[in-house]
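Working notes for the structure below.
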Amino acid sequence: MTSSSPVKEVARAPMSSSTYDLRRVDETLYEIPADARPDMRVPARVFANESLLAAIGRDASLEQLQNVATLPGIVEAAYAMPDIHQGYGFPVGGLAAMELPDGVVSPGGVGYDINCGVRLLALPVTDGDLGTRREALVHELARAIPAGAGKTSGRANGTALEEVLLEGARAVAERDEDVELAESGGRLPGAEVAVVSERARQRGAGQLGTMGSGNHFVELQRVDAVLAPAAGKAFGLSPGQVTVLIHSGSRGLGHQVCTDYVRRMDAVLGRYGIELPDRQLSCAPASSPEGRAYLAAMAAAANFAFANRQEIANRVRRAVERVLGRDAERGTRQVYDVAHNVAKVERHGDRELLVHRKGATRAFPPGSDDVPDRYRDVGQPVLIPGSMGTSSWVLAGSSGSLERSFGTTCHGAGRQLSRTAAKKQVAGGDLRRELEARGIVVRSPSNAGLAEEAPLAYKDVDGVVEVVERAGLAERVARLVPLGVVKG
DNA sequence: ATGTAC
């Protein structure tokens, strides 16, 4: 598409971040009106409460959200979840739905870690059954799953990598159930190998089944409470039960895909008459050659991430077998797998939309076609990792999500301090000892990496999920507390 | 997030 691009003729300098006309719309929703800036096409809306807004106001994320509201083809509003924080161009915790075929796709609206996401496994044992074997299990998890920047596993080179890019989780799944109980069946359609650069493929080769660094982790947990019994039962979660939460993405491959297409789209902005308040919002019409190539490469990188979490799950099961035996391995079930950095084509009402979710999770309600049969009556499982040492949550999508946020909810606690600010305030070694003193087994190669992920660097995850429940986007099902954590 | 600067 070329001449029909819905581009508004505007050019202006980025706003100062000092003042916002942030109006309270209702108990959980705040809005910066579209007339706050001449270049905004739609309002900027954030789900929050007063105390979370105080943390949000300290970075540039609301200015970034207004920048998103200027993008060609955006419908209704640029939305943010209560875990919003500053990101590359788009805020993390952001949601932007573009009307197809003329709206844009923006790599920054997906993020550098394409299909960063979360998978939850439920073991057939309780914390009591595990007893003193807890430390051994965390140790085996750490041995089985390479962690840290640039780490490799040697898995998936050559033709095996191509199959991963096209088929996603099923390329390495050992059980059909793992594929059925995953968002989009663990595979995004439309992936192509040729649009993924040679360099991206080289970076991904050998990285399947690795965790990475930053906020990625594999955590051993206990179900601390089940708040919604029917959904808890459907998801196979009961109090005291042991779970493993996997948080990882597309590693170097997805990072390179984002780098490649940010640059490629930046070079052709003029061709499509697109003017941006921030070059990090680099984008192209979804139906243009550049837009279509990005979407095919993004799907391939998303499939790599689905397969990566699958291979990590395979390795978790082997660690479970070594420590707890064959029956425990056989009884370890996958609850679900969610993507929280991806753009998807979805029909909402009578419109076909490209929904960018960056640090935001799909949360389809009960009755949705794209929710597995076994969960159809209670809604899509939503997996919310907390910060290190704090609770994580299992939610279920609610009907309000389709009415208010294109079927979307939050993705985590959300940063309130940058990585560098966190490192200044916390010594990694002290944090490690503090967690161990609380009985949480920690395995990580890097104290500096640990410090970046200190709980004080994050907003209160319990407050975040309370807001999305009050907003009607998702319902709290179960709280998970850490027993041990393996980090990069 | 990331071969944490091509």
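Labels below follow one simple rule: chain letters A, B, ... track the order of the sequence lines, proteins then strands, and each chain is numbered from 1. If you're wondering where the values come from, they're calculated on a predicted model, not measured in any experiment.
- The closest side-chain donor-acceptor pair between A:Q310 and A:D178 falls under 3.5 angstrom.
- Side chain of A:R203, nearest nucleotide from B:dT2, B:dC6, B:dG3: B:dG3.
- The residues A:E290 and A:R271 are annotated as salt-bridged, a charged nitrogen and a carboxylate oxygen being separated by less than 4.0 angstrom.
- Across all strands shown, A:G214 has heavy atoms under 4.0 Å from sugar-phosphate atoms exclusively, and none from any base.
- Looking at heavy-atom distances under 4.0 Å, A:E452 makes no contact with the nucleic acid at all.
- Residue contacts for A:G111: at a heavy-atom cut-off of 4.0 Å it reaches no nucleic acid atom on any strand shown.
- Using a 4.0 Å heavy-atom distance criterion, A:E453 is classed as a sugar-phosphate-only contact.
- If you measure from atom NZ of A:K151 to atom C1' of B:dG3, you get 12 Å, rounded to the nearest angstrom.
- OP1 or OP2 of B:dT2 sits under 4.0 Å from a side-chain N or O of A:R251.
- In this model, no donor atom of one side chain and acceptor atom of the other lie less than 3.5 Å apart for A:D370 and A:S368.
- Nearest-nucleotide mapping onto DNA chain B: of A:H247 and A:A149, the residue sitting toward the 5' end is A:H247.
- A salt bridge does not link A:E436 with A:R432: every distance from a Lys NZ or Arg NE/NH1/NH2 to an Asp or Glu carboxylate oxygen is 4.0 Å or more.
- Across all strands shown, A:R199 has heavy atoms under 4.0 Å from base atoms, whether or not it also approaches the sugar-phosphate.
- An OP1 or OP2 oxygen of B:dT2 is reached within less than 4.0 angstrom by a side-chain nitrogen or oxygen of A:S213.
- Counting only residues at least two apart or on different chains, no salt bridge (charged side-chain N to carboxylate O under 4.0 Å, His left out) pair has a member in residues 250-265 of chain A.
- Rounded to an integer number of Å, the gap from A:R263 CZ to B:dA5 C1' is 13 Å.
- For A:Q256 and B:dG3, the shortest distance from a side-chain N or O to OP1 or OP2 is not below 4.0 Å.
- Look at CG on A:D260: it is 13 Å from C1' on B:dC6, rounded to the nearest Å.
- Between the C1' atom of B:dG3 and the OH atom of A:Y112 lies a distance of 15 Å, rounded to the nearest Å.
- Between A:E198 atom CD and B:dG3 atom P there is a gap of 17 Å when expressed in whole angstrom units.
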